[in-house]
Amino acid sequence: METLTLLAQGFAVALTPDNLIWSIIGVTLGTAIGVLPGIGPATTVAILMPLTVGLPPVSAFIMFAGIYYGAQYGGSTTSILLNTPGEAGSMMTAVDGNAMARRGRGAQALATAAIGSFVAGTIGTIGLTFAAPLLVEIALKLTAPDYFALMVLSLATVTTMLSNPTGGGSIAFGIASLFFGLLLGTVGLDPQTGQARFAFGVPELLDGIDTVVVAVGLFAIGETLYMAATDGGKADSMHKLRGSFWMSREDWSRSWKPWLRGALIGFPIGAIPAGGSEIPTVLSYTLEKKLSKKPEEFGLGAIEGVAGPEAANNASAAGALSPLLALGLPTSSTAAVMLAAFQQYGLRPGPLLFESNSSLIWGLIASLYIGNVFLLVLNLPMVGVWVRLLSLPKPWLYGGILVLSSLGVYSLNGNAVDLVILWIIGMVGFVMRVIGVPIVPCVLGLILGPLIEQQLRRSLAISQGDWTVFVTHPVSAFLLLVALAFVATPIISSLRKPKPQSAVGMTR
Amino acid sequence: MSAHRLPGTLFGSAVAALGVAVVVASQQIKTGFTYDVVGPAMFSNLIGIGLVLSGIASVINARRASLEDLPDQPKLNLWPVGLISAALLLEAALISRLGWIPVVATVFVAGTYAFGDRRILSNALIGLVLATVILLVFTLGLGIDLPLGPLEPLFQNDQ
């Protein structure tokens, strides 16, 4: 019951006119960038971070969470009408959603995606409301070695899950990407001792390489360079919406169970470090196909194949916020960038924040319920506006992304050196994209690296330099063992078989 | 060596070389105080070792992989990459001298040209308008200072 009281106080914060406006701005922006390919929620939050320093933290986070939720809604529109996913989490939607659009049922696909996103987003937010306080209870019992092991586990699972087993580079590429991110995180003054590391006498490097520069460079600039080098200005063909806009009785009866199942898959998998919304959507799609009475329709426009994955990706966004708020542990790249945003405000997500700043936490959670309602309105009656956004020519889209990237990075410190670093990191992102090296482990490594090092050194300070501290604590020993299993299994199986089989069939 | 294996091999070698450089550079980091048992160089040494190992593993993987397992390399068109890079570096070099508006408009034009849009004049106009709107919104609205360049005196007279 205490939770409900706190939630009610949260609604009092979220329903103030200012915060309502920030929520509307967030969900609108989120839907827009979800619709547009080439720019995602992680990049958008990163670009906005330096621009929101003047806002009260609660307003900024209400907007950021709105962007995160909105992107999951907007991504489906692109998948269904263009067959190119607007977001990584709407990859599976593209399969049957686009087939529905080809058969003139685009409007029904958009409707089941929007309503399913609302249902699952709300279920996920309810899950967050009750799971976060429970996670806080657990977090209070964790010691420094446990935290260290938890973060190592999180990096290990994300890296393994996101590494493409068929790409020839497999998990080695993912681990290389992770260590590169960790390396970027050490540049600058060591927070414990004030010693400079890898600054090479450049004063601008002493403060470290900013998360904003790395996230924008790898995601936005890298992606723009890659698109420019591969398919340039080729226009996508778009399916026009025609026919009845309403879902038939059959559409409803075939949609509601996938919505609920998608929510039940998406929330827990979003909460564990599995690298965001791709995996729950794939699982939901596979499950719906298995349960369907007409599996042969899948791939040709089965409405379940849209309803399930779209529900799953929204619930996963809510799931990802639970460990972020309660443990300070990001499980997706957007959550990781939001963690960096908390740090920018000098806040540290975790049990202490629930204690000291409960109006921020509960205001943020309450705003998610409200944001979901806004999103349903934005994406159902107003879907035509977003469809028009899809006809934005690619040259203007990517030209605009370059301008916005410059804006975010330059306004960090008003420093031209940051723009040079942005270009260097953008080139690294381009090369990684060409070779097929996953980018998310690098961003997570950059953000979690300093925290991992802090917990590692704190643990060793407590144990007076005795490294066995990590195996004598049962929780940390268990977590490290699981992490090891995650990394070792694919390596061992690839050594056994001369030709590695495609285990999950995931890219990136 | 097949051209298909080359990217993975080069990438792995570069990563391993970076790892060696990190371990070498870590020896230059001064150790901390007595209460800090391990010091600031320990973590960077670990990272260096991790980079070396994952780099070697990438090379081994690339050499072992059969040709069917490797994805088709997309045909790369490098001039747009060069054009966008040049525009971004030009922006870094000139933004404080010329101000936000002209350099950002140039970046926009370069970006659209790289994506195949040849209407330089109309895109320059769009870029100028876009840059000006952003400047006005963020400088006047949110109090974020973007460099004005030669326009500086104009704004000071206003205040």
Side-chain angles (χ1 to χ4, degrees), chain A residues 50-51 54 166-170 172-173 175-176 179-180 182-183 186 190 192-193 195 197-198 221 224-225 227-230 232-233 393-396 398-400 402-403 406-407 410-411 414 416-417 419-420 422-423 426-427 430-431 434-437 453 456-457 460-461 464-465 498-500, chain B residues 7-8 11-12 15 22 25 29-30 32-33 35-40 43-44 47 50-51 54-55 57-58 61-62 65-66 69-71 74-78 80-81 84-85 88-89 91-93 95-96 104 107-108 111-112 114-117 123 126-127 130-131 134 138 142-146:
Chain A
L51 306 175
T166 57
S170 77
F173 279 4
I175 297 177
F179 274 103
F180 183 65
L182 290 172
L183 175 66
T186 59
D190 167 37
Q192 267 94 336
T193 58
Q195 296 294 340
R197 289 190 292 193
F198 309 118
I221 304 291
T224 302
L225 293 174
M227 293 307 286
T230 48
K394 263 192 196 175
W396 289 356
Y398 285 100
L402 290 174
V403 169
S406 309
L407 172 67
Y410 188 79
S411 53
V417 176
L419 288 172
V420 178
L422 174 74
W423 172 73
M427 286 304 283
F430 168 65
V431 171
V434 170
I435 308 179
V437 179
E453 181 180 14
L456 173 63
R457 282 161 74 174
L460 290 173
Q464 300 187 329
K499 274 187 193 175
Chain B
F11 173 79
V15 169
V22 167
I29 299 170
K30 294 190 194 80
F33 307 104
Y35 65 80
D36 188 34
V37 189
V38 285
F43 196 61
S44 55
I47 293 170
L51 284 169
S54 57
S58 300
N61 255 327
S66 60
D69 286 341
L70 293 168
K75 273 230 164 62
L76 289 183
N77 212 351
L78 287 179
V81 177
I84 295 174
S85 301
L88 286 176
L89 289 174
E91 176 186 45
I95 192 166
S96 30
V104 164
V107 166
F108 184 79
T112 51
F115 276 86
D117 189 337
N123 282 336
I126 296 172
L130 183 66
I134 291 176
F138 286 95
L142 290 171
I144 285 161
D145 284 329
L146 293 170

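Numbers restart at 1 for each chain; the letters A, B, ... are given by sequence-line order, proteins then strands.
Looking only at heavy-atom pairs under 4.5 Å with chain A, the residue among B:Leu88, B:Val107, B:Leu51, B:Val104 that has the most is B:Leu51. With chain A as partner, the option from B:Val15, B:Ile84, B:Leu78 having the largest number of non-hydrogen pairs under 4.5 angstrom is B:Ile84. Looking only at heavy-atom pairs under 4.5 Å with chain A, the residue among B:Ile134, B:Leu89, B:Asn123 that has the most is B:Leu89. Top candidate by heavy-atom pairs under 4.5 Å with chain B, chosen from A:Pro50, A:Ala416, A:Gly414, is A:Ala416. Top candidate by heavy-atom pairs under 4.5 Å with chain A, chosen from B:Gly111, B:Ser85, B:Gly55, B:Ala25, is B:Ser85. Highest contact tally toward chain B, considering only A:Ser411, A:Gly54, A:Ser406, is held by A:Ser406 [criterion: heavy-atom pairs under 4.5 Å].
Looking only at side-chain heavy atoms (C-beta outward), A:Tyr410 and A:Leu419 come within less than 4.5 Å of each other. Taking the side chain as every heavy atom from C-beta outward, B:Asn77 and A:Thr230 never approach each other to under 4.5 Å. A heavy-atom distance below 4.5 Å is not found between the side chains of A:Lys394 and B:Asp117. Side-chain contact between B:Pro80 and A:Met227 is absent, with no heavy atoms from C-beta onward closer than 4.5 Å.
Scored by the side chain to side chain donor-acceptor pair (under 3.5 Å) test, B:Ser44 finds B:Ser26 as partners (sequence neighbours excluded).
Heavy-atom distances place both the backbone and the side chain of A:Phe180 under 4.5 Å from chain B. With a 4.5 angstrom heavy-atom cutoff, B:Ile95 touches chain A only via side-chain atoms. Heavy atoms of A:Leu456 lying under 4.5 Å from chain B belong exclusively to its side chain. The parts of A:Leu51 that come within reach of chain B are both its backbone and its side chain, each placing non-hydrogen atoms under 4.5 angstrom from that chain.
In this structure, B:Ser58 and B:Gly12 approach most closely via the heavy-atom pair CB-CA, 3.7 Å.
Ring planes of A:Tyr398 and B:Phe115: parallel class, angle under 30° (limits at 30 and 60°).
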